[in-house]
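Read the structure below first, then the notes.
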4 protein chains.
Amino acid sequence: MIDEHVSGSDARPDRRRELVAAAFRRIASDGFEGLRTRDVAADVGVNIATLHYYFPTKEALIRGVIGYAMQRFSQTLPGEGTPIVQLRGHLYRLLQLLKEDQQLWTVLGELVLRAPRDEELGRIFRQSDGVWHSKLKGLIDRCVQNGALQPMLDSDGLAGLMIVAIKGLSLPTMAGFGPEVADQVFEQFGYLLGLPPDQFLTT
Amino acid sequence: MIDEHVSGSDARPDRRRELVAAAFRRIASDGFEGLRTRDVAADVGVNIATLHYYFPTKEALIRGVIGYAMQRFSQTLPGEGTPIVQLRGHLYRLLQLLKEDQQLWTVLGELVLRAPRDEELGRIFRQSDGVWHSKLKGLIDRCVQNGALQPMLDSDGLAGLMIVAIKGLSLPTMAGFGPEVADQVFEQFGYLLGLPPDQFLTT
Amino acid sequence: MIDEHVSGSDARPDRRRELVAAAFRRIASDGFEGLRTRDVAADVGVNIATLHYYFPTKEALIRGVIGYAMQRFSQTLPGEGTPIVQLRGHLYRLLQLLKEDQQLWTVLGELVLRAPRDEELGRIFRQSDGVWHSKLKGLIDRCVQNGALQPMLDSDGLAGLMIVAIKGLSLPTMAGFGPEVADQVFEQFGYLLGLPPDQFLTT
Amino acid sequence: MIDEHVSGSDARPDRRRELVAAAFRRIASDGFEGLRTRDVAADVGVNIATLHYYFPTKEALIRGVIGYAMQRFSQTLPGEGTPIVQLRGHLYRLLQLLKEDQQLWTVLGELVLRAPRDEELGRIFRQSDGVWHSKLKGLIDRCVQNGALQPMLDSDGLAGLMIVAIKGLSLPTMAGFGPEVADQVFEQFGYLLGLPPDQFLTT
DNA sequence: AATGAATGAGAGTTCATTCAT
DNA sequence: AATGAATGAACTCTCATTCAT
């Protein structure tokens with residue numbers, strides 16, 4: 001029987017995690033421009049000094065948020081199964097995330113804009129985008145060899161377009177663009193891949 | 001007695017422009033997060049109080065930058081000519097701007113992320129995206145009626161994808177994504193529109 | 001007739017000087033340990049931000065105090081006249097300063113203790129002590145050649161002793177040691193130099 | 001199961017001593033200005049809360065350091081033997097301490113400067129200086145009565161000068177003043193006492 | 001005897017803004 | 001039209017201290 005903390009309500013599962021989550025939410029709503037350590041601490045209900053107990057500097061807290069956001073994004077990357085199953089699963093998970101977790105995309109947007117001024121962040125994005133692109137291209141190639149997709153596809157250009165379009169979708173305030181734009185765009189991906197809508201992105 | 005004021009109106013009507021341009025550059029390099037009125041004033045070579053003479057608040061200065069950026073973007077919108085010429089011209093100008101003026105796209109990115117927190121800016125983007133989308137869709141439709149483009153195109157979805165992809169392209173630090181990614185993506189637009197590369201985006 | 005500032009009460013001769021003087025007083029009474037920029041600003045009657053307008057950092061303010069203290073000390077160094085007149089004048093001025101301006105000596109004490117941790121300050125003291133020592137020794141030597149002082153004096157050791165004793169005198173809280181200790185010590189200098197009290201340190 | 005507690009009383013009776021010694025070292029190197037309880041605890045390798053277990057406040061810890069420093073200084077005070085032997089022994093021990101334990105003198109310097117703001121410390125110094133002065137004067141007087149020293153000495157002034165000079169010697173950063181200055185100054189003491197160098201300060 | 005976690009009170013510093021000139 | 005000087009409010013970060021365990 002595992003008993004981490006005896007008293008139910010006093011349990012503080014992880015202050016670090018709470019603080020990162022609060023900072024994440026603040027960045028999503030106010031941007032880096034409006035990120036204040038005091039607000040983050042207040043959101044968690046602790047003193048500002050407690051925040052500094054866990055994260056010596058604001059920068060360290062931001063690193064925590066970066067790790068959190070990138071890790072959540074990484075979970076959409078292709079997993080197991082045949083190439084076409086992986087590809088569809090990946091796109092499906094992305095579409096879900098895009099529609100359900102606006103916050104994550106907002107934070108990723110903030111991070112992308114920050115990257116040029118943040119050497120380490122730049123490295124992270126370069127690596128992550130590189131992995132994403134080559135996985136996508138590799139999947140398309142294998143699907144073509146497979147016969148699961150039509151030949152004649154420019155897998156390189158297609159992967160680039162898809163990534164770029166998804167990044168664009170993540171940006172807020174498209175002309176009253178609600179979630180339906182995401183559906184439309186993913187439908188276009190289907191056309192480009194030569195997959196009829198009824199075979200595409202249906203669980 | 002020295003007369004500093006050469007002409008009545010002081011012959012410096014473009015202080016405002018200079019200040020906006022300097023703020024624009026600062027936002028491009030440091031983001032809103034790093035925008036300091038003192039830096040802007042220093043870049044132009046005037047006192048901070050002088051900046052406030054022209055722009056009573058920092059917000060007012062930012063309004064100036066917004067106007068400047070949106071106007072530059074608007075210049076890429078379709079102009080004169082037959083539908084297919086307008087479409088190709090629009091895309092060509094966008095591609096040029098994308099490759100030549102990274103600063104503008106960075107600032108637009110910052111503005112987009114700011115929009116959810118800035119009612120007015122949100123309105124501006126919603127309107128501007130709406131205009132963009134309907135012009136693009138209208139052009140495609142007319143090209144199809146024209147016979148300049150293949151029928152069977154989902155002009156609505158296509159316009160959406162193009163806008164979204166261009167927005168995505170504007171974000172910095174794609175995995176070592178240099179200007180060639182933009183070319184690749186626009187090439188994919190050609191495929192989607194059914195235009196062979198040699199007819200597309202050649203001046 | 002010189003008229004620096006027309007309006008009498010509004011005249012602020014020099015905010016920098018006022019701030020340095022206030023910091024000097026605070027160091028004299030509370031030590032570096034108790035130096036607070038807010039207190040300094042309050043003493044002058046200005047906002048804390050005003051202090052930073054003149055001195056970008058606390059360190060810069062401290063530099064100002066160092067310059068002020070060293071300059072006041074330097075004014076006691078030997079000036080004009082025959083060697084014996086210079087020597088007596090120098091010692092006389094030191095004795096006066098020692099008895100009249102306890103603050104200066106306290107601050108000098110704080111500075112001396114700070115020197116090992118402050119490269120620049122260390123340099124300043126090494127130079128200043130070097131100048132002091134060689135001037136003193138030079139004067140004694142010339143007095144001896146002059147016949148104004150007895151031969152057989154170890155001018156080097158004597159100069160060292162005098163400097164060291166004066167530094168010691170500058171430290172606070174000698175056993176109820178009031179100003180009379182300073183008189184006693186300077187009297188001993190007289191004996192060492194072979195000068196009868198009635199010829200020594202009388203204006 | 002490992003049993004950390006070897007003996008009942010935990011065999012660590014000198015935690016206090018360790019903490020005081022660490023605080024002493026910190027004051028010697030960084031001054032009171034730079035004394036941080038956390039650093040002291042870390043130097044000893046214990047938690048900050050453990051420090052507060054032994055010393056409820058920072059002030060209490062400082063009291064410990066004061067006691068430690070004053071006690072070490074007291075050990076140089078005159079002990080047993082004929083007056084002239086006591087005098088020479090005292091001065092000899094002082095000279096040794098001056099040359100060997102720079103840390104002690106630095107800490108004493110810090111304490112002296114603190115005395116005006118610390119009632120208790122002021123009392124301690126006043127008493128200690130008083131004892132020192134009267135012992136020194138008493139010894140000189142008895143030596144004179146003894147015939148061990150020349151008559152005609154102003155024992156009061158002489159004792160004052162010696163104390164003051166030793167205090168001055170304890171201050172750091174005399175112009176490249178190394179240990180040799182201490183020798184020079186003590187040699188001057190010999191002249192003042194009428195003791196030829198070969199009889200003075202030789203073990 | 002010892003600790004990890006938490007905190008209140010402040011420290012130095014920054015910044016948009018104001019105002020007399 | 002332009003500025004030097006000044007400020008209030010806020011920010012990140014620090015530190016001695018406390019307390020439950």
Side-chain angles (χ1 to χ4, degrees), chain A residues 5-7 10 12 15-16 34-41 44-61, chain B residues 4-13 15-16 34-41 44-61, chain C residues 6-7 10 12 15-16 34-41 44-61, chain D residues 4-5 7-13 15-16 34-41 44-61:
Chain A
H5 280 267
V6 181
S7 52
D10 196 325
R12 33 193 100 91
R15 274 281 132 98
R16 292 184 74 87
L35 180 63
R36 300 289 175 260
T37 52
R38 269 191 156 73
D39 294 339
V40 173
V44 174
V46 299
N47 187 282
I48 175 68
T50 301
L51 184 150
H52 278 94
Y53 178 76
Y54 290 96
F55 298 94
T57 64
K58 189 183 183 183
E59 260 310 297
L61 177 61
Chain B
E4 285 187 28
H5 296 258
V6 179
S7 74
S9 65
D10 210 335
R12 211 171 288 290
R15 269 281 134 94
R16 290 182 69 87
L35 180 64
R36 301 286 172 265
T37 52
R38 275 195 145 75
D39 293 340
V40 173
V44 173
V46 301
N47 188 282
I48 174 66
T50 301
L51 183 148
H52 275 90
Y53 176 76
Y54 290 99
F55 297 94
T57 66
K58 189 183 185 182
E59 261 310 297
L61 178 62
Chain C
V6 180
S7 51
D10 197 326
R12 31 193 102 90
R15 273 284 131 98
R16 293 183 73 86
L35 180 63
R36 301 287 174 263
T37 52
R38 275 187 156 78
D39 294 338
V40 173
V44 174
V46 299
N47 186 281
I48 175 68
T50 301
L51 185 149
H52 277 92
Y53 178 75
Y54 289 97
F55 298 94
T57 64
K58 189 184 185 182
E59 260 310 295
L61 178 62
Chain D
E4 285 186 28
H5 295 257
S7 73
S9 66
D10 211 333
R12 211 169 288 288
R15 269 282 135 93
R16 289 183 70 87
L35 180 63
R36 301 286 174 264
T37 52
R38 274 194 148 74
D39 294 340
V40 173
V44 174
V46 300
N47 187 282
I48 174 67
T50 301
L51 183 149
H52 275 90
Y53 176 77
Y54 289 98
F55 298 94
T57 67
K58 189 185 186 181
E59 261 310 295
L61 177 61

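Hydrogens, waters and symmetry mates play no part in the numbers below; they use all other heavy atoms, side chains included.
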Out of E:dT3, E:dT17, F:dT7, which has the shortest distance to the side chain of B:T37?
-> E:dT17
For D:R15 and E:dA2, is the shortest distance between a side-chain N/O and OP1 or OP2 below 4.0 Å?
-> yes
If you take atom types as modelled and just measure distance, does the side chain of C:R38 reach the base of E:dG12 with a donor-acceptor pair under 3.5 Å?
-> yes
When you match C:E59 and B:A49 each to their closest nucleotide on DNA chain E, which lands nearer the 5' end?
-> C:E59
List the atom of A:I48, the atom of A:A41, and the distance in Å for their closest heavy-atom pair.
-> CA-CB, 3.9 Å
Look up atom OG1 in D:T37 and atom CG in D:L61, then write down how far apart they are to the nearest 0.5 Å.
-> 8.0 Å
Atom CD1 of B:I48 and atom C1' of E:dT14 are separated, to the nearest Å, by 13 Å
Under 4.0 angstrom between B:Y54 side-chain N/O and F:dA2 OP1 or OP2 = yes
In Watson-Crick or G-U wobble terms, both distances under 3.5 Å, what is the partner of F:dT21?
-> E:dA2
Quickly work out the D:H52 NE2 to F:dT17 P distance and round it to whole Å.
-> 4 Å
Hey, what do you get for CG (C:D39) to CG (C:L35), rounding to the nearest 0.5 Å?
-> 8.0 Å
With sugar-phosphate meaning primed atoms plus P, OP1 and OP2, does A:L35 contact a base, only sugar-phosphate, or nothing at under 4.0 Å between heavy atoms?
-> sugar-phosphate
Assign each of A:N47 and C:D39 the nucleotide of DNA chain E bearing its closest heavy atom; nearer the 5' end lies the nucleotide of A:N47
Provide the closest heavy-atom pair for C:V46 versus C:R15 in the form atom of the first, atom of the second, distance.
-> CG1-NH1, 3.3 Å
Scanning all shown strands, the Watson-Crick or wobble mate of F:dC11 with both distances under 3.5 Å is E:dG12
Quick one: on DNA chain F, does C:Y53 or A:T57 contact a more 5' nucleotide (nearest heavy atom)?
-> C:Y53
Looking at the side chain of B:K58, which of E:dA5, E:dA16, F:dT7 is the nearest nucleotide?
-> E:dA16
Looking only at side-chain N and O atoms, does C:T50 come under 4.0 Å of OP1 or OP2 in F:dA5?
-> no
Minimum heavy-atom distance D:R16-D:F55, with the two atoms named | NH2-CE2, 3.4 Å
Gap between atoms CG and P, on A:L51 and E:dG8 respectively (whole Å) = 14 Å
Should B:R36 be listed as having a side-chain N or O under 4.0 Å from OP1 or OP2 of E:dT14?
-> no
